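The structure under discussion appears below in the form of C-alpha cells.
Below, read A as the first sequence line, B as the second, and so on, with proteins coming before strands; counting in each chain starts at 1. What you are looking at is a predicted structure, and each value in this text was computed from that prediction instead of being measured.
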Protein chains: 2
Amino acid sequence: MRQKITIKTIAKELGVSTSTVSKALKDSHEISADTKQKIQAYANLYNYKPNNLALQLRNQKTKLIGVILPKIVHHFFSTIIKGIEEVANERGYHIMVCFSNESFKKEYENLRVLSNGSVDGLIVSIANETMENKDFSQFKDLVSEEIPLVMIDRVVSDILCDKVVVDDVGGGYKATDYLLRTGCKRIALVTTPNHVSVSALRRQGYEKALIEHYIKSDTSIIVEIDEEENFNDQIAPIFNKDIDAILAVNEIYAAKCIKYAKAKGLEVPYDISVIGFTDGLISEYSSPSITSVAQHGFLMGKQAVDMLINHIENDSEDYKPKRNVISSDLIIRESTKTSS
Amino acid sequence: MRQKITIKTIAKELGVSTSTVSKALKDSHEISADTKQKIQAYANLYNYKPNNLALQLRNQKTKLIGVILPKIVHHFFSTIIKGIEEVANERGYHIMVCFSNESFKKEYENLRVLSNGSVDGLIVSIANETMENKDFSQFKDLVSEEIPLVMIDRVVSDILCDKVVVDDVGGGYKATDYLLRTGCKRIALVTTPNHVSVSALRRQGYEKALIEHYIKSDTSIIVEIDEEENFNDQIAPIFNKDIDAILAVNEIYAAKCIKYAKAKGLEVPYDISVIGFTDGLISEYSSPSITSVAQHGFLMGKQAVDMLINHIENDSEDYKPKRNVISSDLIIRESTKTSS
DNA sequence: TGTCAACACGAAACCGATTTCGTAGTGTTA
DNA sequence: TAACACTACGAAATCGGTTTCGTGTTGACA
C-alpha cells in the first residue's frame, strides 16, 4: 500500500504538533480559526482518514460484532445475518461473519480468534457437532471473560448469556394442529436425528398436538433422515402406512416429499397435505407453494444484535441474562387443505 | 468487560520488563529457561491472549478482508460468501461482511469505513443504484490509494483492479441454443430493465443464439419487469403470442412463469419450456425442477479471494490487474424437453 | 506597572504489543 | 590482570491516534 498520510505527516508538513492537528480536525475550541482552517484544508486536500486501528486501540472498542453461524447458504441463516447487519449498522457497528460448517473444531477456532479483542461482542448459533459432543467450555470461558455473548436458535441452557430462540415447540404444535383441524388423521413426521435440538423441539410440539386430539403417536410414520442421498428410500415406507399428511422439519424435506408424492400419483393437498419448517424461497415459489412455519430469522437477528449492543454499552457491574422467544407462525399456502 | 490481562500486568507481577515477557512468550533464545518457564506458566494460568488490535497496529495488517455485496438473502450471493470465507480462512484471513442493499449511499458509507485501515483488501459487487448513476469515484479512490480491490459479478471496465465475472453472454447463449435445439421456435425473454448489467449480457447471448438460428428477435415477446408486485400482469401479454419457451433471467422469474403457465392450463415442458438463471434451491426442489444456468458463485468467491490475497501479500510495485471469467453451465432438469 | 485570566499551542502519557539496541554481570583467555 | 565474548535482561522507539496538563504570550484591569 502507498505511504498513508497520518497526523504525524500533517504536523511535520505544517510545522505544528500532532496534538494541534488532532484538535484542529475535531474542531476543538482550543485551536485558532486560522490554524484550524489551514490544517483542515491540508487534510482534505490529501484525503486524510484517521487510522481505525489506532482509534480502536485507544478507545478499547472496535465497534465490531462477531457472528458465528453453522452455515450461510440457507434461507434462515441468511435472513438472520441480514437482520443482524441492519440493526448493527443503524447503531454504528459492523459485523465480522464466520461459519463453523457445523464443525466443533472450526467453531472453536473462530471463537478463539474473535475473542482476542477483535470484536466487542459475539452472536453465535452453535454447530451441530458441538451440540452432539456437549463440550461448551469455550462458551463458558467467554462468559467468565465477560465478553458479551448472545446465543441464537441453537442454545444451551447452562450458559449464562442472552439468548434468542424460536418457539419450535409452538411451531410444531401449530402445524400439526392445523393439519388435524383440516381433516387429516394420520400425520407422518419427517425429521432429523434427535440430537439436533430444534428438530427435537418441533417433534415435541407435534406430539403435544396429537395428544390433545387423542391420537397416539405412531413411530412407524416418523422418519429420521440420516443421509440425504437416499432420501426417497427412507421415506418410502411411510407412504404405505395410510398417511394423509406430512410434517417436515425443513422446507427441503417438504419439497422432496411433495415431489415423491406426485411421482406416486398422489395429489397435494387433496390426497396428502404437507407442511414444512423454514419459510424460504422454496416454500414460496414451488408449485404447489408450501404451507410452512415461518421462523422470522430477520427478527431474530435484529433482536439478538439489539440485546448484544445493549449489553456492550451498558457497563453496569452485573448484567442479567435475558431470553427472548420468537413465536413461529404458520404461513398457509397451497400444500394444505383450507379449514372448513 | 473485566480487567484483561496484558503483558504489562505480567511484567509487573513477576518483576520483569515487558520486553522480557514478550520474548519469553515467543520462546526467544535471549531468555533463560528459568524465566521463560515462570512467565509462560503465569500466562497460561491467567489465560493470557495477546491483544489483536495492538498486533494489527504494530504489523500494519489486519488479516481481514472486507466484503460488500448488494444483498445476502439470495442463493448466488450467499454461495459467493461461502466461497470467500472458506478460502480466506484457509489462508489465515477473516472476513467483514457488509451489504449495500443495492443502495449507492450505503455502499459508499461501507467503503468509507472499511478503507480506513480496517481491512487489508476489499471484494465488492456493485449496487444496482451505483450502476445506474454511474458514479464510481469511490472505487477509483480505492485504486489510487492502492488498497487491494477485487470486483465480482457486477463490474465496471474502467476501474483498474482484479475482476471475476460470470460468462453471462455465454449463459444466455447456451440456454437459448438448448431451447432451440429441443424444438422450441418462439422463445420469450423475461428480464429486468437494461441497466442491470448482467441482464443486458444475458440478453446479448439470447439474441446471439437467435441470430445463429436465423430467427429475428421479437420485442413483443420480451418483457422487462419493473415492479415485482404485478408480475403476472406484466407477463400475461406474451402468453398470447404463441410462445413455446421462456428464458427468465433469474430463478424467481422462472418459478413465477411456471406457476402462471400452470394456472393457464399449460403443461411444462410439453406445452412450454422454461429455463432460469441462478441455479438455486428453487430450481432444484420445485416441481417440475427447473433447468437453469448455474453461475458457480462458490467458485467465484474462491477465485476472488485468492486473487485478493495474492495481491495483498505481493508487494511488488506495479500490480497488473487480472480478469477471470467463470463459465456458466446449463443444468438440465424437468422444465425443458430432452434433446432428441 | 504588577497581577491575572484567556488564548493557542506543545510535551508527554497512553492504548498493548514488538523489536532494536544498549549494558550489567559473568566467565574465558592471553 | 586486562581484554573480550557471551548471557540475560531492560530502556526506549514504534505503530497512529487522543487527551491531560503545562506554558509562553497577550490583553485587561486595578
Side-chain angles (χ1 to χ4, degrees), chain A residues 1-40 42-43 46-64 113 115-120 145 147, chain B residues 1-40 42-43 46-64 113 115-120 145 147:
Chain A
M1 216 173 300
R2 204 177 49 175
Q3 183 56 34
K4 289 285 275 181
I5 176 168
T6 70
I7 279 205
K8 217 174 283 184
T9 330
I10 302 182
K12 196 174 295 172
E13 217 60 35
L14 297 181
V16 293
S17 77
T18 60
S19 12
T20 306
V21 177
S22 174
K23 287 169 191 164
L25 292 174
K26 316 200 82 179
D27 218 26
S28 159
H29 64 274
E30 283 186 45
I31 307 297
S32 71
D34 264 22
T35 317
K36 266 196 242 181
Q37 207 281 325
K38 208 170 54 182
I39 292 177
Q40 287 170 0
Y42 190 96
Y46 290 99
N47 193 23
Y48 167 77
K49 298 180 205 168
N51 181 308
N52 242 329
L53 293 177
L55 291 179
Q56 291 176 0
L57 180 59
R58 177 99 239 268
N59 301 330
Q60 296 289 21
K61 54 183 130 182
T62 61
K63 291 280 180 176
L64 234 71
V113 176
S115 63
N116 274 222
S118 307
V119 297
D120 291 347
E145 288 175 45
I147 294 175
Chain B
M1 212 174 302
R2 202 177 50 176
Q3 182 57 33
K4 288 286 278 184
I5 177 169
T6 70
I7 278 205
K8 215 175 282 184
T9 330
I10 302 181
K12 194 174 297 171
E13 216 60 35
L14 297 181
V16 293
S17 77
T18 60
S19 13
T20 306
V21 175
S22 174
K23 288 169 190 163
L25 292 174
K26 317 200 79 180
D27 218 25
S28 158
H29 64 274
E30 284 186 43
I31 308 298
S32 71
D34 264 22
T35 315
K36 267 195 242 182
Q37 207 282 325
K38 207 169 52 182
I39 293 177
Q40 286 170 1
Y42 189 95
Y46 290 98
N47 194 23
Y48 166 77
K49 297 181 207 168
N51 180 308
N52 242 329
L53 293 177
L55 290 177
Q56 291 176 0
L57 180 59
R58 179 102 237 273
N59 301 330
Q60 295 289 14
K61 54 183 130 180
T62 60
K63 290 281 181 178
L64 235 72
V113 176
S115 63
N116 275 223
S118 307
V119 298
D120 291 346
E145 287 175 46
I147 295 176

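At whole-Å resolution of the value, CG in A/Asp27 and C1' in D/dT18 are 16 Å apart. Whole-Å rounding puts the B/Gln37 CD to D/dA8 P distance at 15 Å. One interatomic measurement links the two molecules: CD1 of A/Ile5 to C1' of D/dC15, which rounds to 17 Å at whole-angstrom precision. Here the P atom of nucleotide D/dG17 and the CG atom of A/Asn51 are 5 Å apart, to the nearest Å. We find that CD1 of B/Ile10 is positioned 17 Å from C1' of D/dG10, with the value rounded to whole Å. Regarding B/Gln60, its CD atom lies at a distance of 19 Å from the P atom of D/dA13, rounded to whole Å. Note: NZ (B/Lys61) to P (D/dG16) measures 14 Å, nearest angstrom. Separating the CD1 atom of A/Ile31 from the P atom of D/dT19 is a distance of 13 Å, rounded to the nearest angstrom.
For the helix from C/dT1-D/dA30 to C/dA30-D/dT1, the terminal axes (five pairs an end, C1' atoms, rotation from four pairs onto the next four) enclose an angle of 80°, given to 10 degrees.
In terms of modelled atom types and a separation under 3.5 Å, the side chain of A/Asn51 and the main chain of A/Leu53 share a donor-acceptor contact. Between the side chain of A/Lys63 and the backbone N or O of A/Gln56, no donor-acceptor pair lies under 3.5 Å.
At a threshold of 4.0 angstrom between heavy atoms, the contacts of A/Ser22 include nucleobase atoms, whether or not backbone atoms are also involved. Using a 4.0 Å heavy-atom criterion, one finds that A/Leu55 contacts the sugar-phosphate atoms exclusively. Contact annotation for B/Ser19: base contact, defined as any heavy-atom pair under 4.0 Å involving a base atom. Note on A/Glu30: a base of the nucleic acid sits closer than 4.0 angstrom, heavy atoms only.
If you run side-chain contact (heavy atoms from CB on, under 4.5 Å) between B/Thr20 and each of B/Leu25, B/Ile31, B/Ile10, B/Ile7, only B/Ile31 comes through. B/Val21 pairs in a side-chain contact (heavy atoms from CB on, under 4.5 Å) with only one of the listed residues (B/Leu14, B/Thr9, B/Val16), which is B/Val16.
For A/Ile7 and B/Thr20, each mapped to the nucleotide of DNA chain D holding its nearest heavy atom, the one lying further toward the 5' end belongs to B/Thr20. Nearest-nucleotide positions on DNA chain D place B/Ala54 closer to the 5' end than the other of A/Asn59 and B/Ala54. When each of A/Arg58 and B/Lys23 is assigned the nucleotide of DNA chain C with its nearest heavy atom, A/Arg58 is the one assigned upstream, toward the 5' end.
OP1 or OP2 of D/dA11 has not a single side-chain nitrogen or oxygen of B/Ser17 nearer than 4.0 Å. For D/dG10, neither phosphate oxygen OP1 nor OP2 lies less than 4.0 angstrom from any side-chain nitrogen or oxygen of B/Thr18. Not one side-chain nitrogen or oxygen of A/Lys4 sits closer than 4.0 Å to the OP1 or OP2 atom of D/dC15.
For the atom pair CG of B/Leu57 and CG of A/Leu55, the computed distance is 10.0 Å after rounding to the nearest 0.5 Å. With rounding to the nearest 0.5 Å, the separation of OG1 in B/Thr18 from NZ in B/Lys12 is 11.0 Å. Separation of atoms NZ (A/Lys36) and NZ (A/Lys26) is listed at 13.0 Å; rounding is to 0.5 Å. A/Thr35 contributes atom OG1, which lies 12.0 Å from atom CD of A/Glu30 (distance to the nearest 0.5 angstrom).
The closest side-chain donor-acceptor pair between B/Ser22 and B/Ser19, if any, does not fall under 3.5 angstrom.
The number of heavy atoms from other shown groups lying within 6.0 Å of NZ (B/Lys49) is above 12.
Protein chain A touches strand DNA chain C; the 5'-most and 3'-most nucleotides with an atom under 4.0 angstrom of its non-hydrogen atoms are C/dA8 to C/dG16.
Between the base of D/dG17 and the side chain of A/Lys26 there is no donor-acceptor pair shorter than 3.5 Å.
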